[in-house]
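Quick note on labels: first sequence line is chain A, next is B, and so on, each numbered from 1. Hydrogens, waters and symmetry mates are skipped; everything else that's a heavy atom, side chains included, is used.
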Amino acid sequence: MTRKLKEILIRRIFFLFACVSILILGLIVTFLFREGIPIFRVVSVKEFLLGSEWYPTFDPPAFGIWPLIVGSFIVTSFSTLIAVPLGVLSAVYISEIAPRPVKEIAKPVIELLAGLPSVVLGFFGMVVLAPWLQDTFDLPTGLNIVNASLMLALMAIPTISSIAEDALYAVPREFKEASYALGATKSETILKVIVPSALSGISTAVILGMARAIGETMVVLMVAGGAAAIPESLFDSVRPMPASIAAEMGEAPFRSDHYHALFATGIVLFLLTLAFNLIADYVSHKFRETGSGTL
Amino acid sequence: MEDNRVIKTKDVNFFYGKFRALTDISMDFEKHRVTALIGPSGCGKSTLLRLLNRMNDLIDGTHVEGEVLFEGKNIYAPDVDPVEVRRRIGMVFQKPNPFPKSIFDNITYGPKLAGLGDRIELEALVEQSLRQAVLWDEVKDILGQSAMMLSGGQQQRLCIARALAMKPDVLLMDEPTSALDPISTAKIEELIQDLKKDYTIIIVTHNMQQAARISDMTGFFYLGKLIEYSATEKIFTRPDIKQTEDYITGRFG
Ligand SMILES: Nc1ncnc2c1ncn2[C@@H]1O[C@H](COP(=O)(O)OP(=O)(O)OP(=O)(O)O)[C@@H](O)[C@H]1O
Ligand SMILES: [Mg+2]
């Protein structure tokens with residue numbers, strides 16, 4: 001009887017905690033929307049999203065976040081381009097190729113990268129990479145897309161690598177044995193059996209890595225340069241959405257149009273990250289159900 | 001006569017780290033015969049089987065002493081490529097292990113790696129292998145479907161077809177029917193009888209009736225040693241050694 005009571009009590013407590021966290025999240029999202037929506041009394045949704053001028057403090061102000069979206073999009077995709085091959089290859093190396101001593105060093109080192117505070121990476125980008133870029137390519141500033149993408153890639157690599165590694169580890173040993181028994185070499189086995197079998201996990205890793213990059217604030221605030229204009233080359237400065245919010249929130253008067261516009265930018269960012277997570281979820285489920293299907 | 005013995009092991013000892021899993025195994029396997037390996041769990045049957053196509057190489061910290069001669073050549077000689085060995089000595093595992101690929105791609109996996117690229121030849125090979133494994137009629141219309149959709153018995157026959165597609169000389173089978181129902185088991189036993197014409201088959205089994213039904217030669221193992229090895233009929237009717245008799249009659253501890 002008491003055992004049953006205890007069981008019920010424990011279940012209730014867990015339920016309560018789960019409710020609290022969901023409730024808090026819900027409140028934050030509600031707050032985000034409540035503070036963001038009013039900007040659409042000033043500009044239309046279309047003007048806001050696609051307007052190419054972001055002059056929130058001018059008179060009259062312009063609230064077009066297209067350059068910010070483009071900025072976010074470019075640094076995210078460029079950093080993905082860098083981080084995916086590096087992250088996936090290092091995962092393959094660590095899980096399948098590296099001899100044990102190397103594995104035991106490489107794995108924690110990569111995970112350590114994940115723990116590096118982003119402000120430190122930002123610092124590095126500002127103090128080391130930026131001057132080098134500026135001198136080497138003779139640029140007006142080293143704080144630009146290339147710099148931000150490289151730093152974001154450094155942040156995304158550990159995410160991608162460790163999730164992809166888990167996916168690779170999960171490939172059944174039987175598949176590998178079957179492959180070797182049919183006269184495949186190690187590299188053939190990796191390329192044709194192990195990686196394809198882990199593809200859904202690897203895709204999830206990539207998408208979560210991208211989600212990480214698009215939401216990252218400190219790095220882009222410090223090294224992307226901050227120009228709210230549509231870039232023409234990879235060496236131009238940009239102002240990705242998180243950087244814009246972080247930089248301007250302090251100076252935007254409470255409940256002014258500028259303030260609402262920044263919250264609305266937050267909504268856009270939130271929806272994008274949500275979409276990334278939903279896609280990741282979908283990808284990992286879809287392949288799981290069909291047992292990796294006919295990949 | 002020398003010719004008839006495709007595989008010969010000479011005083012083979014095998015170690016997992018410091019643990020000696022096989023002791024002084026000397027055994028000849030004859031061409032176009034079915035040889036059964038029997039013995040209690042953990043006696044080293046799988047270890048011996050995996051030794052014959054160098055699958056044990058994949059396990060860290062193992063080593064082999066002695067010689068395993070395949071067509072007169074030691075497959076553990078330093079100049080031998082294990083990939084080459086495995087192409088000629090195929091293997092079917094205890095648990096069906098098709099790749100998460102289509103039925104067609106499962107069968108063409110090995111041949112493609114070995115350099116066969118012609119689509120028509122591949123299609124012919126797929127049909128031939130599936131027919132040999134008595135699976136063709138069941139899957140001929142769904143070759144593009146994932147092999148994971150097949151039943152366990154079908155998957156195991158697919159794995160046999162996949163091994164046959166390599167046209168190996170020897171087929172190693174590690175308890176190929178232990179996960180299957182009686183009907184699939186009967187089909188696979190029949191298949192083994194057929195395959196004997198063209199292949200040398202070495203099979204591990206825990207099923208005494210199965211060993212008696214399908215094999216020509218039987219080797220009984222105990223604690224990593226080959227206790228008795230002779231014609232199946234002799235092993236099952238008048239074995240020389242008491243331990244063998246006890247095991248076969250189920251009086252074994
Ligand atoms: N990977 C391994 N590492 C260490 N020891 C192993 C390994 N595989 C097998 N062994 C040991 O080697 C011995 C023989 O194992 P093996 O798998 O060959 O037995 P078996 O005769 O096939 O048994 P079963 O009938 O249960 O399949 C056992 O004592 C086992 O514990
Ligand atoms: Mg075994």
B:P111, part contacting chain A, at a heavy-atom distance under 4.5 Å: neither
Nearest 0.5 Å, what's the CD-NZ distance between A:E188 and B:K112? 13.0 Å
Can you confirm whether more than 12 heavy atoms, excluding those of B:K95, are under 6.0 Å from its NZ atom? no
Do B:F93 and A:E174 touch side chain to side chain, with heavy atoms closer than 4.5 Å? no
Measure across B:L113 and A:A184 and return the closest heavy-atom pair with its distance rounded to 0.1 Å. CD1-CB, 3.4 Å
Do you know which two heavy atoms are closest between A:A181 and B:M91, and how far apart they sit? CB-CB, 4.1 Å
Please determine whether the number of non-hydrogen atoms from other residues, nucleotides or ligands lying under 6.0 Å from atom CZ of A:F123 exceeds 12. no
When you compare the side chain of B:D57 with that of A:Y180, does any pair of heavy atoms fall below 4.5 Å? no
Heavy atoms of other groups near A:F73 CZ, more than 12 under 6.0 Å: no
To check you understand the geometry: which heavy-atom pair defines the closest contact between A:F175 and B:P98, and what is its length? CE2-O, 3.3 Å
Locate the shortest heavy-atom distance separating A:L182 from B:R87; write the atom from each residue and the value. O-CG, 4.4 Å
Of all the heavy-atom pairs spanning A:A178 and B:N97, show the shortest one and how long it is. CB-ND2, 3.4 Å
Output yes when a side-chain donor or acceptor of B:K101 lies under 3.5 Å from a complementary backbone atom of A:K192, and no otherwise. yes
Distance from B:L58 atom CG to A:K186 atom NZ, nearest 0.5 Å? 8.5 Å
Does CD1 belonging to B:I120 count more than 12 external heavy atoms closer than 6.0 Å? no
Near B:M217 CE, under 6.0 Å, is it more than 12 heavy atoms from other residues, nucleotides or ligands? yes
Pick one of side chain, backbone, both or neither for B:R54, based on which atoms fall under 4.5 Å of a heavy atom in chain A. neither
